[in-house]
Number of protein chains: 2
Amino acid sequence: MEKIVEKFKALSDETRLRIINLFIKSRRNLCVCELMDALQLPQYAISKALNILKNSELFTTEKEGTWVYYHLTKDNPVNKSLFNFLKNYLGSEIFLQDETRLEARLLLRENDKCVVGIIPESDLLKMIKQKTEA
Amino acid sequence: MEKIVEKFKALSDETRLRIINLFIKSRRNLCVCELMDALQLPQYAISKALNILKNSELFTTEKEGTWVYYHLTKDNPVNKSLFNFLKNYLGSEIFLQDETRLEARLLLRENDKCVVGIIPESDLLKMIKQKTEA
DNA sequence: TCTTTGTATGCAAAAAATGGCATATAAGTT
DNA sequence: AACTTATATGCCATTTTTTGCATACAAAGA
């Protein structure tokens, strides 16, 4: 199984593990701009990381207009087994912070869809305040 | 857990997976020279691969004279979980061939210890024949 | 059709990993 | 003490991966 080597390669990078962690914990489909806020990384970094994860067949995508929703590919036993392993062992500080930021960002969804896109200068909190006051 | 990234890095190489596979399947401690015959790779390649596996805390060693016996580090839950995963998903041809060659090589042990060292030109079969005739 | 916006990607420099050889180390043997 | 042998490691060339920037592409809206 050459594929297993590829999967391990995809998993051997902190950014990519942080991304996987968010999908495992949130159990949702997420788009690039939401991950940008959660991980606080530039757009190209997220896109490239996702591309590697997709090539190793750990992720699948669905396009909706300009948005692209990514999600874990759970329909094969190797992946299921891997995700189950990761669920238990990704617990350090940085992962928890990502989860908190993602949670905030997801408050901006409408009908469970991303509608705000890339937030300039990351004034996420301001936008959330606006939304909750409305 | 930075350590998880290191472990995945260690696992993302075919030679190293082949080595791990042999330890999982044979359930034994093995030395470098035995792995050379099983994988048919030069001594430095085995040594270097084992060194990486040891640094990622997947392997432990015990020295006995000039021989060094390696074995899986099973005393922590992350490793246990990983090895359990690998046990189920390392199944392709090359792994089976390694297992067969290791089995042959282990026929040369005495009192469950390696005694022959590095076999020149790999006349393993000749040596086994000698031994079984004696 | 022009603009905007979310996402992808080509390119080049930097960094890291790999492969092969030669040699070092350490323990046993004579 | 010299020699042998199992294993480790330093070095160098090559390849692969990463990082950052700029730009391309695709879909929606004006």
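Classification of E103(A) and K25(A) as a salt-bridged pair fails, no side-chain N sitting under 4.0 Å from a carboxylate O.
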Requested in this report: Show the numbers, then the answer: is there a side chain to side chain contact (heavy atoms under 4.5 Å, CB included) between L72(B) and N79(B)?
Outcome: CA-CA 9 Å; L72(B) 300 172; N79(B) 286 7; over 6 Å; no
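For the pair K48(A) and I118(B), nearest-nucleotide mapping onto DNA chain D gives the more 5' position to I118(B). Residue-to-nucleotide proximity on DNA chain D shows that, of Y70(B) and A45(A), the 5′-proximal contact is made by Y70(B).
Taking only distance into account, the side chain of Q43(B) never meets the base of dA6(D) through a donor-acceptor pair shorter than 3.5 Å.
Among the nucleotides dA26(C), dT7(D), dT7(C), the one closest to any side-chain atom of T66(B) is dA26(C). Comparing dT9(C), dT7(D), dA27(D) by their closest approach to the side chain of S47(A) singles out dT9(C). Across dA22(D), dT7(C), dA26(C), the shortest atom-to-atom separation from the side chain of Y44(A) is found for dA22(D).
The separation between F8(B) atom CZ and dT17(D) atom C1' is 18 Å, rounded to whole Å. Residue E14(A) contributes atom CD, which lies 13 Å from atom P of dT18(D) at whole-angstrom precision. Between L17(B) atom CG and dT18(C) atom P there is a gap of 12 Å when expressed in whole angstrom units. The separation between K9(A) atom NZ and dT18(D) atom C1' is 14 Å, rounded to whole Å. One atom, CZ of R16(A), and another, C1' of dT18(D), lie 9 Å apart when rounded to the nearest Å. E34(A) has its CD atom 11 Å from the P atom of dG6(C), to the nearest Å. Atom pair L39(A):CG and dT19(D):P shows a separation of 13 Å (rounding to whole Å applied). Counting to the nearest Å, the P atom of dT16(D) and the CG atom of D13(A) are 19 Å from each other.
For the ring pair (Phe, Tyr, Trp, His ring centres under 6.0 Å) with F59(A), the lone residue among Y69(A), F23(A), F83(A) that qualifies is F23(A). A side chain to side chain contact (heavy atoms under 4.5 Å, CB included) with L102(B) holds for exactly one of L106(B), T100(B), D98(B); it is L106(B).
Using a 4.0 Å heavy-atom criterion, one finds that C114(B) contacts no nucleic acid atom at all. Across all strands, V115(B) comes closer than 4.0 Å to no nucleic acid atom at all (heavy-atom distances). Counting any heavy atom pair closer than 4.0 Å across all strands shown, K63(A) reaches sugar-phosphate atoms only and no base atom.
A 4.5 Å side-chain heavy-atom check between D112(B) and R109(B) finds at least one atom pair inside the cut-off.
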